[in-house]
There are 4 protein chains.
Amino acid sequence: MSPRRRDAEGTAAARAERRAELLATAAEVFASQGYSATTVRQVADAAGILGGSLYYHFDSKEAMADEILSTFLDEMWASYEGVLGAGLSARDTLEGIVVESFRTIDLHRPAVVLYQNESKHLATSERFAYLRESRSRFEEMWLALLERGVREGAFRADLDPGLVYRFIRDTVWVAATWYKRGGRLSADDIAKQYLALFLEGIEAG
Amino acid sequence: MSPRRRDAEGTAAARAERRAELLATAAEVFASQGYSATTVRQVADAAGILGGSLYYHFDSKEAMADEILSTFLDEMWASYEGVLGAGLSARDTLEGIVVESFRTIDLHRPAVVLYQNESKHLATSERFAYLRESRSRFEEMWLALLERGVREGAFRADLDPGLVYRFIRDTVWVAATWYKRGGRLSADDIAKQYLALFLEGIEAG
Amino acid sequence: MSPRRRDAEGTAAARAERRAELLATAAEVFASQGYSATTVRQVADAAGILGGSLYYHFDSKEAMADEILSTFLDEMWASYEGVLGAGLSARDTLEGIVVESFRTIDLHRPAVVLYQNESKHLATSERFAYLRESRSRFEEMWLALLERGVREGAFRADLDPGLVYRFIRDTVWVAATWYKRGGRLSADDIAKQYLALFLEGIEAG
Amino acid sequence: MSPRRRDAEGTAAARAERRAELLATAAEVFASQGYSATTVRQVADAAGILGGSLYYHFDSKEAMADEILSTFLDEMWASYEGVLGAGLSARDTLEGIVVESFRTIDLHRPAVVLYQNESKHLATSERFAYLRESRSRFEEMWLALLERGVREGAFRADLDPGLVYRFIRDTVWVAATWYKRGGRLSADDIAKQYLALFLEGIEAG
DNA sequence: CATGAATGAGTGTTCATTCAT
DNA sequence: AATGAATGAACACTCATTCAT
């Protein structure tokens, strides 16, 4: 590898790294203050640069949200593929999806919060059409899984599938709001307890 | 009752009614677009008046959010008092609280969504100190209830109480995001199914 | 005089009285807060009515200022005529004008303050052309008086007449800013001391 | 001096200069139209930039007034210190103070006019507490000076000191209203004539 | 890469004014 | 005479964005 080539890669890599850094900062601020309530200057302040300087890296505030959300969704779906393609039972698939969801929260907490709070609003714009697609894909996945579980005799048949879907979806993702890395409970701990709740409920016996 | 008195009551009532109308409209818009992303003009448009005219009725945009949230919280706590003061078992109390929560969502859906999305942000302002108070009162109520349920042998002892609290809290209130009055499932229907989920889980028999 | 006629006069007089009351209130508020910084509502509050109600009596905020200023100027000039037409020496005329000026301040303090603070600004509007006229008439009167005094040997010839004019004009009218009826010094007391200052200065001996 | 250092000083100086330019423009507009009657846009127009751009340099319209007034008062007091600390007789001190006052008017005419017209109104705000302090310090200085002059036999004892103080204060500062740099009379010319008026009056011989 | 000054559209808010009652 | 709800233009101020340096 020639020095030239190393340099070129070095700058490209450095640039990508800087982008990632800035996006992480932006996601943090968006998550904690809300996307609309956050000014570009606040993001820049948190990154230690001036407001205008962000525009060297990104086209717009919206572009930052876009990159934050699409990155997180891509990784989430990739991790789901692994579970869905493993040929597991409905019950084990559910377990796998929930575990992966909490791992996603662990890795992308601010992005998940941003998604939770703003996706409904952002999805109306054409730029964020993939949010709508992801949402319906998500719904289809869950409904299919729940129905398969009922057919397999693993899940109760007396519950409304649409309701159960929303129940699980909301419970899992809202957890991103309060989850803190390095807290008393790890993401896997929470996943385990939530699974117990989903599957068995809180009632004794 | 003299005509004078009727007139006075009439105008006072009319004024209160107008305020309530405008607040309902504002809550709807705040809930659907987000508080920060909503302009005062959008609220006014939805109410069929001009932006500045809202300021005849309210001091500020913040004052509208304040009145929307405090009204909803007051009614919610009043309905909770009825359940908590009835001398019920932990299990029946939980049932009552969840049912009342969904009735609150039914009556104050936009306010609940506003609370869900913005309370964290708003609570930092001194004007909204009551949001912090309500939050901690809510947490204490639930933790006490869950612990009593464990002592009474009604609830499992192997779950983290803080986690179960957040689980139920989030699940119930996030439902306001998608709940629609007059839909396939009534608020009481949803409450019943959610209770089945909380108590027994989705696992078959 | 028939009862009808008395009624008509009664209402007309009552109306005029109410106008005068409201104008006095408005002048007070304009003087203390500044014309631009005063809202119509503040004037109405001070008068114990609602903002819109003022428009039954006056066409506009400007119309109030107009009436306040023109009334005061009319009375001021009427009082000056008395002095100027009395065939006095320049020295005695100066004395008379200064005394009348302080009497005007005593009777129309808020109007004088309003004039002092806003006439420059208002005079640009055609409606207030009379302010410009009054100003130049005032200047001519003073310059003529001072020149006559010099010719008569009553006043020093080594001072710039334009400067002396401004000196006296400013000193007298600015006094309206701090003058309080019923204070330690009456308007006539102040006039006397000011005349001593104008004529003899503060130097001993 | 390294180039870096020169650059840093250069930009800091350039920034300070731009601020000073903008403040001079703002003071001019405030003085000619009145602070309340002046819009931020008018100031910006006069400076050849857009309204919003002013906020890059200043926090608010009030902040501009603040900086204009405090700068002028600081310089005025500094110039007074020079006179007061020189160990002069009361008569010569008065002369020095009046001369310095007209020099201040010469250098800060718009600021003085702003002070004259708006300080009473602005001083009610806590931000402008220094206006109240300056006012009382001013009064104490003058009263002490006048009393000393009487004791030293330089000034007449038959005049009310409070009245003489207001007389001189008003006369001097109101001159800012009409003073024009480069006019027929210089600031020092006016000071000289005003001193003649204060000390000896207009009466012949 | 980043700065810093500026833009210009838009925001919450104010306020003189209108008008049906 | 006065109310009270509304108007609509204007205001101080914000902020995403641009661009010469």
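Below, chain A is the first sequence line, B the second, and so on; all start at residue 1. Predicted, not measured: the structure shown is a model, and the values here were computed from it.
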Where C/I68 and C/A111 come nearest, the two heavy atoms and their spacing: CG2-CB, 3.7 Å
Could you list by number each residue of residues 39-50 of chain A showing a heavy-atom separation from DNA chain E of less than 4.0 Å, or answer none if no residue does? A/I49, A/L50
Close N or O pairs between protein and nucleotides 18-21 of chain E (under 3.5 Å):
none

Please state how far atom NZ in D/K61 lies from atom P in E/dT13, giving the value in whole angstrom units. 18 Å
Toward the 5' end of DNA chain F, by each residue's nearest nucleotide, D/Y35 or A/S36: D/Y35
D/L54 atom CG is separated from F/dT14 atom C1', nearest whole Å, by 14 Å
Could you state the atom-to-atom distance from CZ of D/F58 to P of E/dA5 in whole Å? 11 Å
Check: residues 19-28 of chain D side-chain donor-acceptor pairs under 3.5 Å, at least two apart:
{"residue": "D/R19", "atom": "NE", "partner": "D/E67", "partner atom": "OE2", "Å": "3.4"}
{"residue": "D/R19", "atom": "NH1", "partner": "D/H57", "partner atom": "O", "Å": "2.8"}
{"residue": "D/R19", "atom": "NH2", "partner": "D/E67", "partner atom": "OE1", "Å": "2.4"}
{"residue": "D/R19", "atom": "NH2", "partner": "D/E67", "partner atom": "OE2", "Å": "3.1"}
{"residue": "D/E21", "atom": "OE1", "partner": "D/R18", "partner atom": "NH1", "Å": "3.0"}
{"residue": "D/T25", "atom": "OG1", "partner": "D/E21", "partner atom": "O", "Å": "3.0"}
{"residue": "D/E28", "atom": "OE2", "partner": "D/R109", "partner atom": "NH2", "Å": "2.9"}

Begin from the C-alpha positions of D/Y130 and D/D66 and carry the test side-chain contact (heavy atoms from CB on, under 4.5 Å) through to its verdict. CA-CA 10 Å; D/Y130 65 87; D/D66 190 351; 2.7 Å; yes
Apply side-chain contact (heavy atoms from CB on, under 4.5 Å) to residues A/F30 and A/E118 and explain how you reach the verdict. CA-CA 10 Å; A/F30 287 158; A/E118 317 287 349; over 6 Å; no
Mind listing the closest non-hydrogen atom pair of B/A31 and B/N117 along with its distance? O-ND2, 4.5 Å
For DNA chain E, the expected dot-bracket line (Watson-Crick or G-U under 3.5 Å, [ ] crossing, | inter-strand) is .||||||||||||||||||||
Note: for C/T38 and B/T38 on DNA chain E, the residue whose nearest nucleotide lies more 5' is B/T38
Would B/Y115 and B/L131 count as a side-chain contact (heavy atoms from CB on, under 4.5 Å) here? Give the steps. CA-CA 9 Å; B/Y115 178 81; B/L131 292 176; 3.7 Å; yes
Round to a whole Å and report the spacing from OH of B/Y56 to P of F/dG8. 18 Å
Look at the side chain of B/K61 and the backbone N and O of B/Y35, then say whether any donor-acceptor pair between them is shorter than 3.5 Å. yes
Does A/H57 place a side-chain N or O at less than 4.0 Å from the phosphate oxygens OP1/OP2 of E/dA2? yes
For residues D/G34 and D/T38, report the shortest heavy-atom separation together with the two atoms involved. O-OG1, 2.6 Å
Using a cut-off of strictly less than 4.0 Å between a heavy atom of the residue and any atom of DNA chain E, enumerate the qualifying residues of residues 16-25 of chain B by number. none
Using 30° and 60° as the class limits, which term best fits the ring planes of D/F72 and D/H108: parallel, tilted or perpendicular? tilted
Gap between atoms CD and P, on D/E62 and F/dC13 respectively (whole Å): 8 Å
Tell me whether B/D59 at atom CG has more than 12 heavy atoms from other residues, nucleotides or ligands lying less than 6.0 Å away. no
Show me the pairs that pass side chain to side chain donor-acceptor pair (under 3.5 Å) and involve residues 39-52 of chain D, at least two apart or across chains. D/Q33-D/Q42
Heavy-atom closest contact (D/S125 atom, D/R132 atom, distance): O-NH1, 3.9 Å
Short question: side chain of A/T124, backbone of A/H121 - any donor-acceptor pair under 3.5 Å? yes
